[in-house]
Amino acid sequence: MIPAPLALLAELTHRCPLRCPYCSNPVALTGPGAELDTATWARVFEEAAALGCLQVHLSGGEPMARRDIAALVAAASGAGLYTNLITAGVLLDAAKLAALAAAGLDHVQLSVQDAEAGSADRIGGCAGGHARKLAAARLVTAAGLPLTLNAVVHRQNLDRLPALIELALALGAQRLEVAHVQYYGWALANRAALLPSRAQLEAATATVESARAALKGRLVIDYVVPDYHAKRPKPCMGGWGRRFLAVSPAGLVLPCHAAESLPGFGFPDVRRTSLRAAWERSEAFNRFRGTGWMAPPCRGCARAEIDWGGCRCQAFALAGDAAAADPACALSPHHALLGAAVAEAAGAAEGFTYREPGRLPLPKAPAAPFSATKVKG
Amino acid sequence: MTPGAIPRFAPGMKLREDRARGQWVVMGPERMFVPDETALEILRLVDGRRSIAAIVDDLAARYDAERGLIETDVLALFTDLHGRGVVTGG
Ligand code: SF4
Ligand code: SF4
């Protein structure tokens, strides 16, 4: 019996005014002409709710770039889904927010690139962006909507984690998500400029622990130790095809938003198939579902049903095989690649390859930036 | 949380039915709690008007259990949920 999914990640568009060098969108971005229309998204939301989804994350790119965003929120909310808008905030204004609230929006998750405007605008590649985000946060709380602040952290902003916590409190957020960059796609090309050091990480973990205790009941802080400093991988997406599904701007149904970049897959297209058929019967969802596909060291491992072998995209990015154990696992034969990348990053420059439509982030790093031969040699 | 406190769901938290799985859940951003039967009985009485003491009275009138025991359980639940940001109350 295939468990029903809990949440749908609806990637409404890849358009975005920011250019974050760690953007989780695929390196090959979808153009606006290929985006699903309002009616198709509305059907996707109905089907997701019927399939058992309780929550939808309206994401992108920047979901506010969709002119029909209020209609999409209304459709999702009308389908009975808890609606979460994941936004960079720079396109929000009071009128748009009022329309979203009236459409039944339940929650806003606003990203910031740093606690300091100068650095935040440099990282996001968007002059004046940070100030607009602060204004957006005030509009969200003024509209009575609950706010989560999402801070993607890395070497160039991790030392300002205390200031990010202060910012979350000052903006009236109930929740702060401190998310370490995950290194595939754009972020992999910028890895040497972004990977934090062990010392930075330890300071950040201590900061989170003391802030959690001090702010109990005021601010919830979500924080997970990043893969590059871990001994065991995270249960990526809670396991392939177990809890989440994503739909790309062009309508591909994916087990995770990054899966589109994996080669050798024919992902179902929601314009041609139902969400239920995609979830229950497609080869793509069944390929890495459960534990039957695993090879050693995952096969028979006591943690196989805890971390599900980790992230398939990271396995492909680092080991060159989407069916391998996640190299974040110390039992993976490729685990040394992570330590080598951390060591290499320690002396690396801080310049970025920004996310740009139509431009591949290849100039700063070769396609397989840390091949096994290079590390051994 | 004290008996006089009036519990409310924190902004963004909602109690709703999950028909696909035959249960009720407290939904929040990226979070979900599945209350057991007792907790669900208690959470159904959260309306932003009733105090914890009034919730305890309601339960004591309907269940064959000592009021003191019910109060201990209810306070423990709300204290836990408050710490996790699921309910507020003052
Ligand atoms: S990570 Fe940055 S560039 Fe990518 S969608 Fe979010 S705000 Fe836009
Ligand atoms: S061997 Fe596989 S299942 Fe075991 S801990 Fe490592 S990644 Fe997880």
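Below, all heavy atoms of this structure are taken into account, side chains as well, without hydrogens, waters or symmetry copies.
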Trainee: With respect to chain B, which residue among A:L147, A:N84, A:V220 yields the maximal number of heavy-atom pairs within a distance under 4.5 Å?
Mentor: A:V220
Trainee: Does atom CZ of B:R67 have more than 12 heavy-atom neighbours from other groups under 6.0 Å away?
Mentor: yes
Trainee: I'd like to know which of A:L6, A:V108, A:D222 tops the heavy-atom pair count under 4.5 Å against chain B.
Mentor: A:L6
Trainee: How would you list, in number order, the residues of residues 234-241 of chain A that have a heavy atom less than 4.5 Å from chain B?
Mentor: none
Trainee: Tell me, side chain or backbone of A:L219 under 4.5 Å from chain B's heavy atoms, or both, or neither?
Mentor: neither
Trainee: Using a 3.5 Å distance criterion without hydrogens, assess whether the side chain of A:Y82 forms a donor-acceptor pair with backbone atoms of B:G12.
Mentor: yes
Trainee: Around B:R62, counting heavy atoms of other residues, nucleotides and ligands shown, do more than 12 lie under 6.0 Å from its CZ?
Mentor: yes
Trainee: When only heavy atoms count and the cut-off is under 4.5 Å, which of residues 68-77 of chain B reach chain A?
Mentor: none
Trainee: Is chain A contacted by the side chain of B:V87, its backbone, both, or neither, given a heavy-atom distance below 4.5 Å?
Mentor: neither
Trainee: Between A:A7 and chain B, which part of the residue has a heavy atom less than 4.5 Å away: side chain, backbone, both or neither?
Mentor: neither
Trainee: Are the side chain of B:R16 and the backbone N or O of A:G80 linked by a donor-acceptor pair below 3.5 Å?
Mentor: yes
Trainee: Calculate, to the nearest 0.5 Å, the distance between atoms CE and CG belonging to B:M13 and A:D106 respectively.
Mentor: 11.0 Å
Trainee: Provide the closest heavy-atom pair for B:P29 versus A:T148 in the form atom of the first, atom of the second, distance.
Mentor: CG-OG1, 4.2 Å
Trainee: Does any non-hydrogen side-chain atom of B:M27 lie less than 4.5 Å from one of A:L54?
Mentor: yes
Trainee: Return the minimal non-hydrogen interatomic distance between B:R21 and A:P5, and the atom names on each side.
Mentor: NH2-O, 2.8 Å
Trainee: Is it the case that atom CZ in A:R243 sees more than 12 heavy atoms from other parts of the structure closer than 6.0 Å?
Mentor: no
Trainee: Nearest heavy-atom pair of A:Q55 and B:R31: which atoms, and what distance?
Mentor: NE2-O, 4.4 Å
Trainee: Among A:H107, A:R175, A:Q174, which one satisfies side-chain contact (heavy atoms from CB on, under 4.5 Å) with B:P11?
Mentor: A:Q174
Trainee: Give me the atom names and distance for the closest heavy-atom approach of B:A20 to A:G52.
Mentor: CB-CA, 3.6 Å
